[in-house]
Amino acid sequence: MASISLRNVVKQYGHGAKANPVIHGVNAEIQDGEFVVIVGPSGCGKSTLLRMVAGLEEISGGEIAIGGRVVNDVEPADRDIAMVFQNYALYPHMSVFENMAYGLKIRKLRAEDIQTRVDKAARILELGHLLQRKPRELSGGQRQRVAMGRAIVRDPQVFLFDEPLSNLDAKLRVQTRLEIQGLHRELGVTALFVTHDQVEAMTLAQRIIVMNAGRMEQFGTPEEVYSRPATTFVASFIGSPAMNLLRGRVEGDRFVMGHTSLHLPAPAPRQGELVMGLRPEHAVPLTGGAGQSESPHSTAWPLRVEFVEMLGAERLVYGHLGGAPHAADRPAGHRSASDPNAFTLRIAGIDHPPHPGDTVWLQAPAVRLHWFDATSGQRVEE
Amino acid sequence: MASISLRNVVKQYGHGAKANPVIHGVNAEIQDGEFVVIVGPSGCGKSTLLRMVAGLEEISGGEIAIGGRVVNDVEPADRDIAMVFQNYALYPHMSVFENMAYGLKIRKLRAEDIQTRVDKAARILELGHLLQRKPRELSGGQRQRVAMGRAIVRDPQVFLFDEPLSNLDAKLRVQTRLEIQGLHRELGVTALFVTHDQVEAMTLAQRIIVMNAGRMEQFGTPEEVYSRPATTFVASFIGSPAMNLLRGRVEGDRFVMGHTSLHLPAPAPRQGELVMGLRPEHAVPLTGGAGQSESPHSTAWPLRVEFVEMLGAERLVYGHLGGAPHAADRPAGHRSASDPNAFTLRIAGIDHPPHPGDTVWLQAPAVRLHWFDATSGQRVEE
Amino acid sequence: QTEIQWWHSMGGGLGDWVNDLAKDFNASQKDYKVVPVYKGAYDESMAGAIAAFRAGNAPHILQVFEVGTATMMASKGAVVPVGEVMKQAGVKFDTGAYVPAVAGYYTAPNGQMLSFPFNSSTTVLHYNKDAFKAAGLDPNKPPSSWPEVAAAAAKLKATGHKCPFTTSWVGWTQLESFSAWHNVEYATRNNGFGGLDARLVFNSPLHVRHIENLANMAKQGLFVYKGRGNTADATFVSGECAMETGSSGLYANIKKSAKFSAGIAPLPYYPDVPGAPQNTIIGGASLWVMAGKKPQEYKGVAAFLQYLARPEVAAESHKRTGYLPVTKAAYELTEKSGFYQANPGTDVAVTQMIRKTTDKSRGVRLGNLPQIRTLVDEEMEQVWAGRKTAKQGLDDAVRRGNELLERFQKSAKL
Amino acid sequence: MSQEKRVVFRSGWLPWVLLAPQAVVIGAFFFWPASQALLQSLQQQDAFGLAVEWVGLDNFRRLFEDAGYLASFRTTAVFSLLVAVLGLSISLLLATMANRVVRGATVYRTLLIWPYAVAPAIAGVLWLFMFAPSIGVVSYGLDRLGFQWNHLLNPNHAMTLVVAAAVWKQISYNFLFFLAGLQSIPRSLLEAAAIDGASPWKRFWTITFPLLSPTSFFLLVINVVYAFFDTFGIIDAATQGGPGKDTAILVYKVYYDGFKAMDLGGSAAQSVVLMGIVILLTVIQFRFVERKIHY
Amino acid sequence: MVERRPALTLLSHLILVLGVMIVAFPLYIAFVASTQTADAIVQAPMPMVPGAHLLENYQAALTGSGTGAGSNAPVSRMMWVSLVCAVLIAVGKIAISLLSAFAIVYFRFPMRQLFFWAIFVTLMLPVEVRIGPTYQVVADLKLLNSYAGLTVPLIASATATFLFRQFFLTVPDELVEAARIDGAGPMRFFRDVLMPLSATSIAALFVIQFIYGWNQYLWPLLVTTDEQMYPVVIGIKRMISGGDAANDWNIIMATAVLAMIPPALVVVLMQRWFVKGLVDTEK
Ligand SMILES: Nc1ncnc2c1ncn2[C@@H]1O[C@H](COP(=O)(O)OP(=O)(O)OP(=O)(O)O)[C@@H](O)[C@H]1O
Ligand SMILES: Nc1ncnc2c1ncn2[C@@H]1O[C@H](COP(=O)(O)OP(=O)(O)OP(=O)(O)O)[C@@H](O)[C@H]1O
Ligand SMILES: O=P(O)(O)OC[C@H](O)CO
Ligand SMILES: [Mg+2]
Ligand SMILES: [Mg+2]
């Protein structure tokens with residue numbers, strides 16, 4: 001087990017005029033035994049970062065240290081790491097046993113030792129009865145476990161995962177997520193886990209690195225990232241459905257967006273152009289209010305419902321704050337994210353749902369409002 | 001537009017000794033203009049059923065009628081249907097326009113008519129600017145829309161969809177779901193839609209056919225299927241996380257599972273061996289109760305918490321009802337669904353979450369309890 | 001033991017003969033071992049040997065058909081004259097002992113014998129006596145002139161014979177030998193004996209008349225074309241064709257395989273042509289000794305050639321194959337043995353050749369003659385198929401052939 | 001498919017060692033001889049290679065003035081076209097049928113695959129044997145039907161004979177590739193077309209055939225190269241280029257002129273022309289491969 | 001299939017049966033001829049059912065005791081030569097191509113592109129067009145009449161290299177990465193991962209190259225002058241090129257059948273891999 005330090009890590013592909021910088025100086029200290037998830041949209045550089053830690057990509061600038069030792073020039077094999085790939089990268093022609101044993105064989109371990117280690121890993125992962133199979137004879141989930149087994153037997157200081165769950169179907173993904181978590185608890189090895197799925201990130205991580213376009217936007221616990229997103233990017237990326245981000249002006253105790261003006265439940269941190277964030281699950285519909293057209297409350301906001309989606313235990317209500325004149329007759333499929341005061345509401349329970357055309361009155365708890373700078377997107381605190 | 005009747009439809013592959021029956025007599029009347037979703041686990045025969053309606057598979061027994069006409073021996077081309085395939089099955093060598101026009105050309109429509117129809121479909125689907133592209137130059141979502149366009153231009157009586165969304169990524173899936181719904185509303189054509197994803201089924205369907213191993217388990221509205229599942233299979237298949245199904249004996253006003261005995265909030269429909277169902281989102285944690293070890297309430301049930309998963313807006317609490325002596329020290333990954341009194345609880349909000357080891361007291365609203373026959377799995381009503 | 005590579009083109013019964021010669025020679029002494037290798041038909045083995053020579057891998061002895069003679073002669077550095085081989089090996093070599101009509105062909109203007117006359121043949125008419133009988137023809141009175149050939153062929157055809165007459169080696173039998181037999185020029189400069197600037201002239205009216213005649217026979221199904229080179233031979237041996245103009249050397253294979261009784265007659269001619277019949281010209285092949293070998297190996301070559309020239313060996317060969325006797329002694333030996341009386345027809349070749357020769361009938365010795373043979377084949381195929389007239393075909397052959405001669409003249413002077 | 005690997009091994013010497021055997025072999029037996037051929041095409045030599053003269057482009061000039069050479073071009077074009085078109089269409093027909101029947105497809109495949117194993121020279125011998133004017137079974141049969149078969153004199157018959165032998169030999173190879181190509185066409189496309197109302201015939205021409213085009217193009221190039229070069233053995237065994245020069249394709253002429261007629265310069269010049277043609281073909285093929293539609 | 005048209009299926013079978021008959025006919029004739037006496041064959045029409053002389057004809061062919069025109073070298077020896085050549089060509093080509101494709105795909109080194117193009121140029125240019133100078137080289141190296149001379153020049157093309165390159169490019173990058181993390185060096189990766197993965201491609205190429213090697217005609221015609229080094233294809237041609245005498249068609253056909261058996265076995269037994277290996281890489 002070991003800590004991992006990223007010190008101003010920079011990566012660019014190509015040289016000179018054709019240089020294509022993809023990581024712009026990332027700093028992070030990952031504790032010994034910690035489970036850190038790197039999350040971000042496709043192409044933001046997650047894999048690149050991970051692969052630099054693995055030693056599969058050269059580091060263009062800065063320093064990476066594992067367990068205190070700078071590894072910039074150390075071969076992957078000598079970094080004492082193990083990696084689980086998105087497509088598992090199992091050797092297709094080797095049996096499960098051979099796949100797990102390969103790295104040990106290369107390290108010239110004695111046959112008995114290999115046997116013991118593989119057996120142990122197979123026991124942990126419940127792969128015992130599959131040892132003689134070839135990867136193509138396994139289901140997706142089983143392959144995934146073999147890939148983990150291959151990593152475990154090596155008994156490395158650091159585990160690296162590059163989207164190891166994205167090839168699994170939804171059910172299996174949930175189950176494997178639990179397994180990985182259990183495993184980490186059991187083995188306590190430092191782990192760096194890449195995903196673009198924020199649910200995965202939230203459920204797995206002790207701490208999350210949120211990346212965007214080669215930059216680290218936030219590094220914190222899931223709690224922090226969810227409750228106090230550092231930027232609009234983090235705010236919209238974490239949580240599903242995404243946080244409602246409303247662009248407007250704070251004028252006194254009101255928030256003005258075009259023709260709509262909302263009464264704020266508490267003073268905003270500052271006046272002027274700001275982005276206000278409110279999660280769909282945090283806006284509280286005023287129960288008696290469905291169908292009402294008059295505000296039941298001075299700080300209640302009207303939401304004109306366009307469309308309601310049923311998700312079993314809950315519903316998503318799509319509409320516009322303050323009511324948008326033409327929106328209602330567009331087909332639901334054509335709502336666009338850039339709609340200025342589009343708003344999504346998430347309500348639990350299945351009784352008395354609102355209907356398209358209704359106006360729902362919402363209360364926004366003051367503590368649930370997030371404020372961001374309109375230009376930099378940085379969080380603004382009082 | 002047309003109704004679809006399935007009358008005792010049977011399908012088996014192969015003959016005689018090697019016969020492999022996969023559909024065991026399905027009966028359903030689908031109304032004109034209705035949107036029906038067929039849902040079920042992989043291999044249950046959904047595609048087979050759909051393909052029989054399309055005419056791509058022979059019907060081994062029973063009858064299928066479209067718009068009142070029995071089509072058992074009608075060629076697919078003559079059934080006046082359109083189908084959207086899972087991998088879209090776009091003709092890779094034809095442009096988007098040609099793909100959509102193909103069926104019309106074969107039917108020898110005049111060039112102007114083809115142009116008009118394709119243009120109209122392209123407008124509806126916002127494909128206008130893509131008409132000259134080849135399928136490989138399109139994104140997944142766009143391909144999906146072309147596949148739908150190809151179906152629309154034909155102006156068929158019936159639309160058939162075989163898992164048309166499963167090749168899309170999560171975000172796109174949600175969006176396309178909305179589009180399909182909008183489209184159906186617009187065109188009003190009878191539609192049969194296959195999926196194995198219950199969320200998709202719930203959000204899209206006017207009525208759902210739940211299939212299991214070649215049998216139709218329930219045919220009803222999403223509401224019905226969610227609130228009054230006809231069998232334990234439907235109960236566990238619809239809703240996520242799945243309904244908690246507890247196997248035990250009703251003895252008077254108590255429900256006994258091994259060493260655990262729960263006080264029922266209302267009398268069960270009958271005494272003896274039954275399966276009791278309760279959805280994770282329907283059990284109400286008694287707010288003051290976290291950490292308490294004494295029942296705050298005579299009909300409150302103790303849940304010993306083993307593991308809590310954070311999902312942004314809500315949490316999943318995994319544990320055992322009545323407390324299981326050895327469960328706590330097993331890693332979470334190894335919880336198994338067959339654990340007799342394992343219980344999952346879903347709670348909204350992020351404040352004061354319970355911790356592993358705590359006991360949470362739950363209240364089960366009587367109306368939320370579902371009862372099933374222990375052997376047949378059929379719903380038992382008073 | 002020194003190995004002597006000998007490449008030849010003798011197939012079938014002739015192949016047996018060649019192998020026997022080598023075996024007998026090898027058995028007769030212990031120093032040398034002659035290894036005969038069949039390298040395909042004459043043109044193939046010659047091409048193969050030339051390529052091998054360029055690659056430094058030529059055999060010691062190469063059997064080259066007579067039309068390759070000029071090419072071989074012009075390649076001074078590639079071959080060692082037989083006379084010299086013999087001299088260096090200290091073997092007595094008397095050119096006078098050889099049949100002049102044969103030896104003359106392989107002798108350079110300076111009198112040096114360049115190659116060893118091994119299997120010289122000439123053109124004869126083979127005919128199937130059984131078929132003749134069946135057609136009501138006299139098996140002992142073969143046709144002697146071309147009109148008679150046509151008449152006999154017509155009779156054979158009338159009695160259902162599918163292939164009354166055919167010929168092998170079209171260029172040799174119908175043009176080269178034909179010219180000598182009628183004492184007309186095939187090429188200028190004494191058919192090439194007089195220098196490298198010889199040009200083809202076998203498109204004279206007589207030639208045209210003859211080819212026209214054959215073309216007519218072909219049209220009537222009296223003459224059936226059976227392919228280039230000697231591929232027609234097999235059809236005579238199998239009995240398919242009743243008459244064939246071809247090599248006297250076919251005798252060996254007829255003897256070996258034919259299931260009918262065959263006769264040999266002189267090559268037909270046109271009786272109205274003054275001076276005809278003159279004499280036919282030499283065919284078959286001679287043995288060339290290739291340059292660049294070790295003295296010890298040349299000794300072996302000399303010993304082997306000397307062995308072949310022994311009267312009893314040469315006479316036996318003559319009797320066995322139908323090829324001409326190489327030395328006068330061999331001829332006399334054969335005559336004395338009464339072979340010709342016992343086997344009527346076997347003397348036809350000898351008598352045809354031994355007539356006095358003229359400048360026009362001594363033979364044909366032109367560069368690139370193998371290629372000329374091929375293009376003659378090509379042109380004549382057009383004629384037999386009726387796609388060209390005899391005149392056109394011959395004119396084209398002469399024109400194309402002369403281009404080859406020009407080129408040979410140029411490259412030989414390099 | 002990416003043209004580069006993301007991760008590469010780092011070693012200064014290993015790649016050279018790995019390449020060495022290939023480099024030596026193609027250097028010695030490909031590039032050196034090819035350059036020699038180029039040189040020789042500018043020379044005039046006597047048969048035994050004892051005298052060499054530089055003649056510049058004379059050989060090429062002579063070549064393109066030679067009606068026979070130009071005729072050989074035509075012959076080659078006709079021959080290659082016939083071999084490619086017939087070979088491809090017959091095997092496509094068979095493959096389509098085999099793809100249809102499901103039952104017995106492997107049996108048919110096994111039965112159809114044999115000629116691939118037959119050497120062209122032997123194929124030539126076999127067909128010659130069947131068509132030999134007097135003893136051949138086929139020519140005998142034709143004769144009985146009142147058809148006079150004579151490939152020794154009739155150029156059409158000769159061409160038919162070599163084309164038939166060449167096509168026969170190549171069918172198996174084409175068949176295998178077409179079958180694989182057909183089997184890789186997603187069923188759902190054909191089902192979609194069926195729902196769109198296309199008849200089997202229409203489906204074949206509008207869906208199957210266009211989707212097979214990468215396979216077809218690949219096979220077309222392979223077949224043309226086959227017809228150009230690999231059929232030498234067939235021609236040599238069956239007709240030797242005759243009658244006249246009516247079946248003397250380019251490669252046969254290269255061989256004949258170089259090895260039988262001993263016109264090395266001319267033959268080398270022809271080699272150079274052939275190389276040009278093949279390189280052109282290769283470039284076209286490569287262009288196509290690079291742009292090739294990956295469905 | 002999509003629709004039910006028994007007539008169409010019947011037609012398919014008819015066409016296939018016809019195809020099989022046409023394709024098989026020459027082979028059948030060859031076999032029948034190889035069981036007759038030489039005389040029976042030249043009777044037109046020749047018998048269409050197998051005769052009784054199978055054993056003696058094949059024995060005659062194998063031991064070279066035939067009496068026909070041309071060469072009578074024993075076929076057994078020729079088959080051996082053919083076999084050695086075909087195997088050498090196939091194995092040799094595959095071996096050097098694997099190595100060079102590995103170098104080109106998995107390493108970056110100066111002039112890599114040059115090498116690639118050099119290899120690419122050799123792709124389709126057969127020996128036939130440079131046959132004279134190649135013959136000269138072989139002769140200069142004293143390789144005439146040797147297995148090396150018969151095989152090495154035919155190895156000198158890069159078809160296989162190109163194919164392997166194409167295949168290697170489809171091997172997921174992650175496998176190399178996994179191997180590197182597992183501590184495997186280049187050669188170890190080559191041996192443990194790449195080679196086993198290329199098995200189908202190797203098998204396909206083996207078939208193609210084996211057939212190619214076995215069926216060579218023009219090249220052995222030039223470089224062999226020793227009957228002991230004749231491959232069987234040459235042997236057959238040698239048997240019929242002598243026109244003086246009737247060909248022993250029975251022996252020739254027996255030889256032809258013998259000459260077909262090994263490559264046919266290779267093709268038929270490996271047909272599945274053959275196409276799979278090629279289709280996977282080439283397209
Ligand atoms: N070898 C390379 N050469 C040039 N650019 C590259 C290379 N590899 C990756 N990139 C670029 O670097 C950026 C980051 O890529 P990376 O693979 O790290 O993204 P990612 O966050 O892992 O995305 P995903 O979720 O899709 O896997 C991308 O814009 C990509 O195009
Ligand atoms: N051609 C066939 N021959 C034999 N059995 C088949 C055939 N096609 C499907 N089956 C079997 O029929 C059953 C139902 O298959 P079907 O494709 O309808 O399932 P599905 O519900 O669509 O599953 P999925 O969600 O995986 O698509 C499966 O058990 C399958 O193995
Ligand atoms: O068959 P041969 O040996 O007599 O030769 C005939 C001709 O002379 C060859 O040119
Ligand atoms: Mg990535
Ligand atoms: Mg399905």
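Note on naming: letters A, B, ... go to the chains in the order of the sequence lines (proteins, then strands), and numbering restarts at 1 for each one. What you see is a predicted model; the values in this text were computed from it and never measured.
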If I measure from the heavy atoms of chain D, does [X] come under 4.5 Å with its side chain, its backbone, both, or neither?
X      : answer
E:F189 : side chain
E:L265 : neither
E:P110 : both
E:A101 : neither
E:S97  : both
E:V17  : both
E:I261 : neither
E:V176 : side chain
E:I15  : both

- Do the ring centers of D:W168 and D:Y116 come within less than 6.0 Å of each other?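 Centroid distance D:W168-D:Y116: not below 6.0 Å, so no.
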- Query: In chain order, what residues pass the side-chain contact (heavy atoms from CB on, under 4.5 Å) check against D:L38, with sequence neighbours excluded?
  - Reply: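 Only D:V272 meet the side-chain contact (heavy atoms from CB on, under 4.5 Å) criterion with D:L38.
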- Message: Could you walk me through whether E:Y217 and D:D236 satisfy the side-chain hydrogen bond (donor to acceptor under 3.5 Å, both in side chains) test, starting with their C-alpha distance in whole Å, then the side-chain angles of each, then the deciding distance to 0.1 Å, before giving a yes or no?
- Response: CA-CA 10 Å; E:Y217 170 58; D:D236 191 42; 2.7 Å; yes
- With sequence neighbours left out, which residue pairs that include part of residues 19-34 of chain D fulfil the side-chain hydrogen bond (donor to acceptor under 3.5 Å, both in side chains) condition?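 For residues 19-34 of chain D, and leaving out neighbouring residues, the side-chain hydrogen bond (donor to acceptor under 3.5 Å, both in side chains) pairs sorted by first residue read D:Q22-E:S100, D:Q22-E:T161.
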